[in-house]
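A note on names: the letters A, B, ... follow the listed sequences, proteins ahead of strands, and every chain is numbered from 1.
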Number of protein chains: 2
Amino acid sequence: MKKTSLKDLAKHLGLSQTTVSRGLSNYPEVTETTKALIRAAAAELNYAPSSSAQKLAMGRSFTIGHIVTLSQHMTINPVYADFIAGAGETYAAHGYDMLLSMASKDQELATYRNLTNAQKVDGFILSEPVPGDARIALLQELGIPFLVHGRAHSHAEDTKHYAWLDVDNRQGVYDGTSHLIAQGHHDIAFLNGPESLHFALERRRGFEKALQEASLTPHPSWLVSADMTEQQGYEHATRLLSEAKQPTAIICSSVLMALGIQRAATAKGLSLGRDLSVLCWDDCLSGFHDSAQIPQFTAMQSSIFEAGAMIAELLISKIISPQSATPQTLLKAPLVEGKSTGPGPYF
Amino acid sequence: MKKTSLKDLAKHLGLSQTTVSRGLSNYPEVTETTKALIRAAAAELNYAPSSSAQKLAMGRSFTIGHIVTLSQHMTINPVYADFIAGAGETYAAHGYDMLLSMASKDQELATYRNLTNAQKVDGFILSEPVPGDARIALLQELGIPFLVHGRAHSHAEDTKHYAWLDVDNRQGVYDGTSHLIAQGHHDIAFLNGPESLHFALERRRGFEKALQEASLTPHPSWLVSADMTEQQGYEHATRLLSEAKQPTAIICSSVLMALGIQRAATAKGLSLGRDLSVLCWDDCLSGFHDSAQIPQFTAMQSSIFEAGAMIAELLISKIISPQSATPQTLLKAPLVEGKSTGPGPYF
DNA sequence: AATGCTTTTGAAAGCGCTTTCAAATTACAG
DNA sequence: CTGTAATTTGAAAGCGCTTTCAAAAGCATT
């Protein structure tokens with residue numbers, strides 16, 4: 001049995017394709033009565049419009065592109081997976097599809113170009129921007145809407161020319177650090193993420209600013225940039241807790257790291273919140289999020305899933321009305337008190 | 001500047017659309033000379049065919065659908081992320097795109113149906129089949145090609161009616177267990193994955209079969225079904241290693257669990273491979289894979305990434321020649337000796 | 001009943017490709 | 001040369017929708 005086309009449906013109803021098409025798209029000029037008729041017949045004949053025909057006729061693809069580069073590790077990291085999940089829900093709600101494309105690093109730009117030229121997508125979302133990201137210039141040249149998750153420049157002036165949504169990493173860590181200081185901690189270590197990425201740089205700045213304002217100078221080996229894994233958290237914490245002079249508080253860039261720190265602390269017989277304060281950045285990842293009434297870890301919280309949903313929403317608006325103002329959204333990551341911090345020695 | 005269409009290109013060349021189209025698609029009836037001309041002009045005018053026009057004309061979408069259901073945890077698990085990465089590379093190599101769709105559990109079937117009816121995809125890949133999975137019946141009814149990663153039935157007879165690629169979970173765990181027994185272990189625990197999933201059931205069967213053949217009966221609390229996380233590995237191992245009668249070897253269903261077991265063992269002052277043998281299933285996940293010369297863990301290895309690539313390949317063949325035999329591929333997961341196992345007390 | 005509006009419907013022209021079928025060209029044998 | 005077969009090209013008909021523009025129908029007002 002062949003698929004029913006609009007033509008079939010129109011013939012069946014004794015109406016023109018035009019009216020049927022309008023009826024299904026809920027145009028105001030079609031009477032409710034005929035609309036009802038049309039819908040009934042459509043349901044009966046199990047009609048569904050062919051998306052490629054629609055795309056061709058309307059000149060839009062109703063598809064958003066996500067390109068992920070498989071690095072040496074061929075991996076899609078969990079943060080990105082969560083982000084995609086958030087975006088995907090929003091797409092579905094708006095009738096958009098998500099085109100996920102894998103590319104090696106050296107084919108990345110070509111892939112953006114091809115997808116654009118073949119008109120396979122109406123827009124892109126860029127993830128994990130690096131400083132001065134080349135993709136931004138390319139997409140601007142191609143003239144296709146896009147939204148960046150994060151920013152690619154440190155100076156506000158440079159970020160004015162493209163649309164982005166970011167979380168205020170600097171302010172978040174600043175707030176967290178200040179909080180610890182106010183609680184009486186003067187010896188604070190920071191296990192940051194990889195500082196080749198922009199967000200980690202921002203976090204570092206927040207940390208340094210808070211210390212500076214309190215006239216504190218950190219031990220050089222207390223500010224480290226590492227992969228945000230449990231293992232790294234464990235190793236660095238173990239080291240920190242073995243040195244002669246030990247921090248009374250550790251800030252870290254992910255819940256995973258915090259778990260590693262906890263493991264190290266437990267091994268040393270230290271209790272979190274009493275003997276050692278731990279403060280972390282919590283991306284609220286589905287798998288790792290700390291959703292207890294009183295969270296295990298005191299943290300700056302900012303949901304990546306929601307960021308994905310918001311970005312998707314912004315991009316779709318931008319696609320629909322390209323002339324609207326370029327959205328530049330800075331989210332706050334509020335500090336949520338958990339059980340892993342407590343007063344320090346100077347309290 | 002407007003996009004150049006095939007018509008523009010043909011006019012520019014003084015040829016017909018037909019010839020140009022054929023030339024670009026490398027039809028044999030077009031002379032190499034004209035082909036060269038066409039290609040040069042296409043490059044010059046920066047021509048790229050509109051994919052929706054192609055799709056409409058050819059009646060195919062060159063797109064494969066992946067539907068992921070966001071469970072209560074809204075998560076895309078790392079195993080799936082890796083699988084997708086493998087499939088994605090293969091799609092790209094064959095000129096196919098990947099449509100990733102998020103759906104809640106109760107909209108899952110409707111989403112398969114919609115994507116099919118709108119002709120958005122040429123085929124599907126089903127992941128994480130549950131016993132008697134309803135999606136299989138649906139897709140068969142819809143008459144769209146699909147491939148299952150894993151199987152949905154325990155009896156070989158029932159799996160004959162659909163295409164799948166699976167790894168021999170039963171045999172893998174059987175081999176691993178037998179190996180431990182041969183090494184002199186009689187007290188073996190098994191931390192399996194969630195037994196609601198088919199693969200976990202298979203693994204359990206392999207475990208039980210090996211024990212039975214050696215006339216061993218496991219302690220009931222030594223066979224547990226749990227989430228495959230580090231935490232679960234840690235907790236169950238801690239429990240196992242605290243009871244009066246302790247296993248001399250633990251088999252588990254993921255590297256993550258093995259890490260948890262290692263943490264528990266270390267905390268008890270036990271050394272892996274000497275005081276306790278640990279054998280795990282290794283999906284060779286990008287992030288967690290143990291690629292040392294002599295791996296940390298003795299493991300049954302089977303790369304999910306490669307499974308993704310193979311399945312994609314099989315599906316594309318099936319789409320191209322729907323009449324071909326239904327592929328049913330069972331991969332082996334070879335046992336690779338690492339440092340985490342050693343002779344047991346009965347050796 | 002004729003007039004001018006407003007509302008509702010439809011014919012037909014795209015959208016940009018592929019592909020069928022026929023025509024034109026070339027090659028080759030007689 | 002001519003006739004026939006093999007090769008190369010092109011006109012035009014879709015693919016299944018949306019949308020423009022024009023026509024028809026409905027309705028109230030004179």
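- One interatomic measurement links the two molecules: NZ of A/Lys11 to P of C/dT9, which rounds to 20 Å at whole-angstrom precision.
- A distance below 6.0 Å separates the ring centres of B/Tyr112 and B/Phe124.
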Quick one: do A/Tyr91 and A/His66 satisfy ring pair (Phe, Tyr, Trp, His ring centres under 6.0 Å)? Show the steps, please.
-> CA-CA 12 Å; A/Tyr91 295 154; A/His66 287 239; 5.8 Å; yes

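- With rounding to whole Å, B/Leu56 atom CG is found 17 Å from C/dG14 atom P.
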Decide salt bridge (charged side-chain N to carboxylate O under 4.0 Å, His left out) for A/Glu44 and A/Arg39; before the verdict, give the C-alpha distance in whole Å, the side-chain angles of both, and the deciding distance to 0.1 Å.
-> CA-CA 8 Å; A/Glu44 186 198 339; A/Arg39 282 197 264 263; over 6 Å; no

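- The phosphate of C/dG10 has OP1 or OP2 within less than 4.0 Å of a side-chain N or O from A/Ser16.
- In this structure, CG of A/Leu13 is placed 12 Å from P of C/dT9, rounded to the nearest angstrom.
- For the residue pair A/Thr111 / A/Asn114, no side-chain donor-acceptor distance below 3.5 Å is found, with atom types taken as modelled.
- For the residue pair A/His153 and A/Tyr162, a side-chain donor N or O sits within less than 3.5 Å of a side-chain acceptor on the partner.
- In this structure, NZ on A/Lys3 lies 10.0 Å from CG on A/Asp8, to the nearest 0.5 angstrom.
- When distances run from any side-chain atom of A/Thr31 to the nucleotides C/dT9, D/dT8, D/dG10, the shortest one goes to C/dT9.
- Listed for the A/Ser21 side chain is no donor-acceptor partner under 3.5 Å among the backbone atoms of A/Gln17.
- The backbone N or O of B/Thr326 sits nowhere less than 3.5 Å from a side-chain atom of B/Lys318 that would complete a donor-acceptor pair.
- Taking atom CD of residue A/Glu29 and atom P of nucleotide C/dG10, one finds them 13 Å apart after rounding to whole Å.
- Checked by atom type, the side-chain pair B/His94/B/Glu313 shows a donor-acceptor distance below 3.5 Å.
- The 5' end of DNA chain D is approached more closely, in terms of each residue's nearest nucleotide, by B/Pro28 than by the other of B/Pro28 and A/Ser52.
- DNA chain D lies under 4.0 Å from at least one heavy atom of each of the following residues of residues 34-43 of chain B: B/Thr34.
- One atom, NZ of B/Lys7, and another, P of C/dC17, lie 11 Å apart when rounded to the nearest Å.
- With rounding to the nearest 0.5 Å, the separation of CG in A/Leu315 from CE in A/Met310 is 13.5 Å.
- The residues A/Glu128 and A/Arg135 are annotated as not salt-bridged, no charged nitrogen and carboxylate oxygen being separated by less than 4.0 angstrom.
- Taking atom NZ of residue B/Lys3 and atom P of nucleotide C/dG16, one finds them 9 Å apart after rounding to whole Å.
- An end-to-end axis angle of 50° holds for the helix from C/dA1-D/dT30 to C/dG30-D/dC1, taken from five base pairs per end and rounded to 10°.
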Identify all pairs in which a protein N or O lies below 3.5 Å from an N or O of nucleotides 18-22 of chain D, and state each distance.
residue	atom	partner	partner atom	Å
D/dT18	OP1	A/Gln54	NE2	3.1
D/dT18	OP2	A/Ser21	OG	2.4
D/dT19	OP2	A/Tyr27	OH	2.6
D/dT19	O4	A/Thr18	OG1	3.3
D/dT20	O4	A/Arg22	NH2	3.2
D/dC21	N4	A/Arg22	NH2	3.4

